[in-house]
Structures are given as structure tokens and as C-alpha cells.
2 protein chains.
Amino acid sequence: MPSSTVENYLKQILLITLEREEKVVPMGLISESLDVTPGTATSMAKNLEKEGWLCYEPRRGVSLKPAGRKLGLNILRRHRLLETFLVETLGLDWSEIHEEAEELEHAISEKVLERLDDFLGRPRHDPHGHPIPTKGGVMQRKKSRSLVGCKEGLSVVIESIDDQERNFLKFARSRHLLPGKKIKILSREEEADAMEIRVEGKMPFSIGFEAARKILVSV
Amino acid sequence: MPSSTVENYLKQILLITLEREEKVVPMGLISESLDVTPGTATSMAKNLEKEGWLCYEPRRGVSLKPAGRKLGLNILRRHRLLETFLVETLGLDWSEIHEEAEELEHAISEKVLERLDDFLGRPRHDPHGHPIPTKGGVMQRKKSRSLVGCKEGLSVVIESIDDQERNFLKFARSRHLLPGKKIKILSREEEADAMEIRVEGKMPFSIGFEAARKILVSV
DNA sequence: GTTTTCATTTTGAGTGTTCAAAATATAGGG
DNA sequence: CCCTATATTTTGAACACTCAAAATGAAAAC
């Protein structure tokens, strides 16, 4: 039975793999995202290789083997289902569910997870708009673009919010930047690193490129 | 923040303290109930003392300090609320919830726990009939007697089932031995170590003293 | 008052995970 | 081609928890 440390490494490596669309993940990204020193990530990578979860190529990085990918997806499923439960059923705030799910995902059994899935009505997306992998380990990956790349005048629908940071999520909710909402890009100011947008039915406001980058949309 | 190991030790020590109605808990009972070697229990007791949870008197045992008692009660609260949730909301079987709750109790935050408590309607007893400590750390202790000590002809109500063992719980449920059920003692056979009982509305059957001991009742 | 028995403690070691700091590769710029 | 900046690896140590097995203490049996 893999420890929660192992589970965290594999989940994070999976997320980085998907994000970069690149099989090999350099050690730096791992140590940074898990907040451990580089040396720790290296020694852990060797352990994970010995246990068959991934391949470790010195000075290049790691790449998930099928077993590691499967476990990573499974943890992601747990995480996202739990987040959904915390918001839908217990009414927790969008901005505080990540840390909670981070703990619970390692403690919940397969059996309880499936019951929870039933109870929630087998949702396909979590509250952030991220897809929930199926029990079989399948996760549909739609190529969504970031708000930051959208031209003036365009109307788009928010697909997901790609940041777990508390304060950013609070901001997003306060401006009604939620999955499913329609928004229009009123103007772009290249020099000011900002754009002006309007969420349907709300007041227009401006948002910096850095923040807009975290908002994924579909046309 | 106490580790789940610490939490487990304190919860178990609390349970033994309550059961024996004796402040000092000998090391043997601890190592047995947590399934660790005696040496491990001793060295852990020293750590727990250093951290202020309890007093350790060599060759006598440990006794909880207020902090340890409080944390123990808190873990017990988590455990029993989670068991209730697993049965009431997710429909898990009575006999399988103990192990599940055993894991989750260390991962759930205070905040989520209180939301869960609200969601469940602030139950006072878990599915086994055990009292759930309040948020403030109060647990009412009714002196209930065991079925094994009941005389022939007596009618009693089941208060709780004092065993977490899967197979025993399965047996109990199959015979409708559940908290709240009324039962009548039809006869006692001292020599046979068994008694014949009838659950209200069901067929009579006999139960050994060993099993009857685990069933707590009120007159 | 010895001896036996049983519970408990000590000792020495191992596992998994982590860090800080020193050593080493690799890629790019001069 | 060398030199520097950066990413990565190695080393040595620590922490929390665990075990097996030997040593000790205290109570019970003789």
C-alpha cells in the first residue's frame, strides 16, 4: 500500500506531465511543486523507480510508468470528488476546499469513494471546473485556451480556474468568475498588462494578464 | 500538530481508561490494543509524557493529563461522527465502518467535522449506540449493564454493541441486535454458558455468554 | 526466603522521509 | 574553448515510529 507521500509525488508528477504535455518531468518542477529540497526529490525519485512507479533518468527527470500514471489519476479522482463533496454537500467555501481534500484524499478508501460518487450523482467536473477522472482512470482533456490570449470583442465561457491559491479563488468568486459563466472581452491594453472584461449581467472590471492566465475558457 | 500515531495512542488510552474506570492504564493493555510490541508502547509513553499529553510512571502505566484527555475525546468525536456519516449518508454496512473511520478521523479538519455534524443533524449516538462527545469534549456516560448479567424473564432495551469486530457485527445485525431494540430474556442456562432471548417481533434464539457480554442494555 | 512467572524496560537496529551543504554536470555566453 | 550560471546529485545527519531480543523488576508460588 503506497504511503501518502508516494501518492502525493505521483499525483503532482502527473499534473505536471499533463500541463506541460511532455512525458519527462525535470526534478526542479517536482521539488518546487511539492515544496521539498531538490535533494529530497532526487532521492525520492530513486525510491519511486525501485518500486516501479516511474523511470528516473539522472539529470533529465522522471517519466511515469503505467502503474504510476494510474495511481496518480486515482488520487486526482479522489481529490476532485472530495472537493465536490465539500462544496456541494457540506457547503464549504470554494477557496478552502483544496487543503481539506489534500488530506482526505489519502485516507478515503476505494469503497467509500465510490459511494460518495454515487451520492453526488457521478459529477464529471469539480467546483473549479476540472474534469474528474473516471474509476477506470480516464480523464477527458479538452484543449482549452486561457483568457489571457483572447482578442478584444470576443465572447467566451469559463471552463475552469487553474489555481488553488486561496486568495485568488476568493477574488474569482467575488467577481463571479466561475465555471460556466459567459464573459466578454471589452478591451485589451497590451502596455498595461491588463484587459477589461464583463461577466454576463455584471459590471465590467479589469483584470491583469497574470490573473487572466489562470482562467481557462472555451469559445 | 499531533501525528495520527499520537492521536491513536491517546484515543485508545482514553477508551481503556473509561472502560476500566481506573485512571492509570498499564502498558500491556496499550500495546495489546494498538497491536505494537510492549517496548514500542513504553518508548512511545515517554514521548507522550515529554509532549505533555500524559503522566508515565515506570512499571505502573500512564494516566492522561487534561490535554491528552481532551485530544482523545476529540478523536473519539471524529470517529463516531464519521461512522454515523458512513452509515446514514453513504449507506455503508455497519460492520465495515470502523476501519474506514479509523483512517478518516486523522484527516478531517475541525471545520469539516462541524459541517458534517450540522449536516447529520447533530446526532448524539453513533450507529453502534455509543455516545458522541460534544465539540466541547463532554460525553455522557450512562452506566449500562451487559446483557450477560440479566436475569431470566427480564425485558431490556439495547443501548449499544461494544465490539468493533466485523463478524460479530454481522451476526448482531442478522439477529436484529441493534441499539434501541427491545429484547426479553427467556431463559438462562448457567451450565451451557448461554441464554435464550427474543428480539421483539422476531424468533427466539440463544446466545453465548461471551457474546452477550458485548451487548449493553438498559432496563 | 528462594524461586518461578509475568509484565515491563532497555538496547540496538531498521524504515521512510526529510534537510543543509558540498560536489558535480550541463548548457550557453564570452 | 573556457568560464559561469544553473540544475541536479551526493553526503551525512536527523526525526518519528517500529521491532526483536536481552535484561530487569516485582509479585506470586513454593
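Chain identifiers are assigned alphabetically (A, B, ...) following the order of the sequence lines, protein sequences preceding nucleic acid strands; residue numbering begins at 1 within each chain.
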For D/dA16 and B/Y9 - does any side-chain N or O of the residue sit under 4.0 Å from the phosphate oxygens OP1/OP2?
no
Separation of atom CE in A/M27 from atom P in C/dT26, rounded to whole Å:
16 Å
What integer distance in Å separates B/N47:CG from D/dC15:P?
12 Å
Nearest whole angstrom, please: distance from the P of C/dT17 to the NZ of A/K50.
11 Å
Check every atom of D/dT24, D/dT18, D/dT8 against the side chain of B/V36 and return the nucleotide holding the closest atom.
D/dT18
Rounding to an integer number of Å, can you tell me how far A/L34 CG sits from D/dT8 P?
14 Å
Describe the nucleic acid contact of B/T5 in one word from base, sugar-phosphate, nothing, applying a heavy-atom distance below 4.0 Å.
sugar-phosphate
Across the strands shown, which category fits B/S3 at heavy-atom distances under 4.0 angstrom: base, sugar-phosphate, nothing?
sugar-phosphate
Classify B/G28 by what it touches in the nucleic acid, base, sugar-phosphate, or nothing, heavy-atom distance under 4.0 Å.
sugar-phosphate
Rounded to whole angstroms, how far apart are NZ on A/K46 and P on C/dT18?
15 Å
Which of these nucleotides, C/dT18, C/dT8, C/dT26, is closest to any side-chain atom of B/R59?
C/dT8
Checking B/R59 against B/M27 for the side-chain contact (heavy atoms from CB on, under 4.5 Å) test, could you report, in this order, the C-alpha distance in whole Å, the side-chain angles of both residues, the deciding distance, and whether it holds?
CA-CA 8 Å; B/R59 310 241 161 226; B/M27 303 313 293; over 6 Å; no
Selection from D/dT18, D/dA20, C/dT18 that lies nearest to any side-chain heavy atom of B/T37
D/dA20
Can you tell which of D/dC17, C/dT8, C/dT24 lies closest to the side chain of B/V6?
D/dC17
Out of C/dT8, C/dT18, C/dA20, which nucleotide sits closest to the side chain of A/M44?
C/dT18
Out of A/E110, A/E83, A/E103, which residue meets the salt bridge (Lys or Arg N to Asp or Glu O under 4.0 Å) rule with A/R78?
A/E110
Candidate nucleotides D/dT8, C/dT18, D/dT18, ranked by approach to the side chain of B/T40 - the nearest:
D/dT18
Other residues, nucleotides and ligands only: do more than 12 of their heavy atoms fall within 6.0 Å of CD on B/E32?
no
So among A/N8, A/V6, A/V36, which one has a side chain to side chain contact (heavy atoms under 4.5 Å, CB included) with A/M44?
A/V6
Rounded interatomic separation in angstrom, taking CD from B/E32 and P from C/dT8
11 Å
Could you tell me the separation between the CD atom of B/E57 and the P atom of C/dT8, rounded to a whole number of Å?
13 Å
Would A/F85 and B/F85 count as a close aromatic pair, with their ring centres under 6.0 Å?
yes
Could you walk me through whether A/H128 and A/H98 pass the side chain to side chain donor-acceptor pair (under 3.5 Å) check?
CA-CA 10 Å; A/H128 305 296; A/H98 182 69; 5.6 Å; no
For B/D117, run the salt bridge (Lys or Arg N to Asp or Glu O under 4.0 Å) check against B/R80, B/R77, B/K135 and tell me which one passes.
B/R77
Close approaches to DNA chain C from residues 60-69 of chain B, in residue order (heavy atom, under 4.0 Å)
none
Is atom CZ of B/R60 surrounded by more than 12 heavy atoms (other residues, nucleotides or ligands) closer than 6.0 Å?
no
Take atom CG of B/D35 and atom C1' of D/dC19, then tell me their distance rounded to the nearest Å.
12 Å
Could you check which of C/dT8, C/dT18, D/dT8 has an atom nearest any side-chain atom of A/P38?
D/dT8
